[in-house]
Amino acid sequence: MSRPATQGYSPAQIGLHWVIAALVLFQILFGDWIKDLGRALNRGTTPETATLIFGNLHVWVGIVILGLTLWRLVLRLRRGTPAPAGGNAITLGLMKATHGLFYVLLLVMPLTGLLAWFLGVHDAGEMHEAMKPVFVLLIALHVLAVVWHRIVLNDDTMARMLRPGR
Ligand code: HEM
Ligand code: HEM
């Protein structure tokens, strides 16, 4: 996505990054509850209270992630992102691919979930589940890259997502 270059991420961009990251971790860690809820509803049995609460939370948190991601993409288009801290053609390519795939997952994950849950589209549910390991791998790669920047390249990449720029 082409966009203007800025000195750093804005407070809103930084806030959205961390709120979305926390909500995605919640979805991944507690994703099983909605499966239990779906099974109980299909069987016509009464779900346990925890299943009911966490199952429904999965739906609402997912919808919030979708809304916040759209807001984040609008900010990214309007305000831009800072130029990369450094790296060669390979690592910069990897960074672009990782960030791009994150945005794709942040949109496709809630959309497939909604199709599966509200319209009973079976294939959408399969796709939704299949994307879980991709998301986990991507997060691991992303965190490793941040550690790599700190320890090996010794640059301030982490600070860019903590302190707003102009
Ligand atoms: C970014 C947002 C989301 C993430 C990261 C996410 C993540 C997950 C994960 C990790 C699972 C468990 C998969 C497994 O253990 O194999 C799951 C299951 C599920 N999620 Fe989501 N989810 C998101 C949004 C949504 C939304 C908005 C809905 C729908 C309202 C939804 C509906 C479902 C359903 C129906 C299942 C069970 C799938 C099945 O049993 O076939 N998800 N989700
Ligand atoms: C503890 C976990 C995490 C850490 C330490 C972390 C750290 C960072 C840092 C330092 C940047 C700025 C990179 C730069 O300026 O070049 C960044 C960008 C980004 N992070 Fe994370 N992150 C984490 C979790 C996540 C998660 C879970 C997601 C996905 C939901 C995510 C998605 C992104 C995206 C899409 C960008 C690019 C922002 C843009 O330029 O548009 N991060 N992250």
Side-chain angles (χ1 to χ4, degrees), residues 1 3 5-10 12-14 16-42 54-69 72-77 79-87 91-92 94-150 153 155-165:
M1 201 185 295
R3 70 267 174 186
T6 64
Q7 298 293 318
Y9 292 104
S10 68
Q13 284 174 308
I14 293 175
L16 283 168
H17 172 274
W18 292 114
V19 171
I20 292 172
L23 295 179
V24 165
L25 289 179
F26 173 86
Q27 294 294 80
I28 291 173
L29 290 174
F30 300 105
D32 271 349
W33 294 92
I34 192 164
K35 295 171 87 177
D36 294 344
L37 180 60
R39 271 192 289 269
L41 295 177
N42 279 340
F54 281 97
N56 277 300
L57 262 181
H58 189 88
V59 176
W60 291 107
V61 169
I63 292 171
V64 169
I65 292 175
L66 180 60
L68 294 181
T69 300
R72 187 170 170 186
L73 284 171
V74 170
L75 284 183
R76 194 178 207 273
L77 275 175
R79 188 178 189 278
T81 55
T91 55
L92 287 179
L94 255 178
M95 182 202 82
K96 275 193 171 171
T98 313
H99 291 175
L101 199 51
F102 264 143
Y103 286 117
V104 170
L105 287 178
L106 287 169
L107 296 173
V108 177
M109 206 68 184
L111 291 176
T112 50
L114 288 168
L115 284 174
W117 188 251
F118 290 110
L119 300 179
V121 182
H122 179 75
D123 289 348
E126 295 285 310
M127 220 178 131
H128 191 78
E129 285 200 51
M131 281 185 291
K132 174 184 171 177
V134 183
F135 223 144
V136 172
L137 251 169
L138 221 56
I139 293 172
L141 195 69
H142 184 61
V143 173
L144 270 177
V146 175
V147 174
W148 175 268
H149 273 277
R150 176 70 277 158
L153 304 177
D155 65 30
D156 66 347
T157 299
M158 186 66 194
R160 289 148 59 97
M161 232 356 137
L162 294 173
R163 282 191 293 278

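All residue numbers in this chain count up from 1 along the given sequence. One-based numbering, in listed order, for ligands and for the atoms of each. Side chains included, hydrogens not; waters and symmetry mates left out as well; all remaining heavy atoms used. These numbers come from a predicted model, not from an experiment.
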For atom CZ of Arg163, is the number of surrounding heavy atoms from other residues, nucleotides or ligands below 6.0 Å larger than 12? no

Ranked by distance from atom 39 (C) of ligand 1, the top protein heavy atom is Glu129 OE2, 3.0 Å

Between ligand 2 and His99, is the shortest N or O to N or O distance under 3.5 Å? no

Honestly, for Leu138 the part within reach of ligand 2 (heavy atoms, under 4.0 Å) is neither

Compare all side-chain heavy atoms of Ile28 with those of Ile139 and state whether any distance is below 4.5 angstrom. yes

Please check whether Arg76 reaches ligand 2 - meaning an N/O of the residue sits under 3.5 Å from an N/O of the ligand, judged on distance alone. yes

Query raised in the report: Considering distance alone, does some N or O of Trp18 sit under 3.5 Å from an N or O of ligand 2?
Result: no

Counting from 1 in the order shown, the ligand 1 atoms closer than 4.0 Å to a non-hydrogen atom of Gly62 are 24 (C), 27 (C)

For Leu162, the side-chain contact (heavy atoms from CB on, under 4.5 Å) test, sequence neighbours excluded, returns Trp18, Met158

Applying side-chain contact (heavy atoms from CB on, under 4.5 Å) to Met127 and not counting sequence neighbours gives Val108, Thr112

Vertex atom 21 (Fe) of ligand 2, ends His17/NE2 and His142/NE2: angle to nearest 10° comes to 170°

When distances are taken from atom 35 (C) of ligand 1, the protein heavy atom at minimum range is Trp117 CE3, 3.5 Å

min-distance protein heavy atom vs atom 14 (C) of ligand 1 -> Lys35 NZ, 3.4 Å

Counting from 1 in the order shown, the ligand 2 atoms closer than 4.0 Å to a non-hydrogen atom of Ala21 are 24 (C), 25 (C), 26 (C), 27 (C)

message: Is Leu106 close enough to touch ligand 1? Criterion: a residue heavy atom under 4.0 Å from a ligand atom.
response: no

Val59 heavy atoms within 4.0 Å reach ligand 1 at atoms 27 (C), 30 (C)

Judged by heavy atoms only, the candidate from Arg72, Gln13, Met161 nearest atom 34 (C) of ligand 2 is Arg72

Any nitrogen or oxygen of His58 lying under 3.5 Å from a nitrogen or oxygen in ligand 1? Just yes or no. yes

Quiz item: Phe102 and His142: aromatic ring centres closer than 6.0 Å?
Solution: yes

Nearest non-hydrogen protein atom to atom 5 (C) of ligand 1, with distance, is Gln27 CB, 3.6 Å

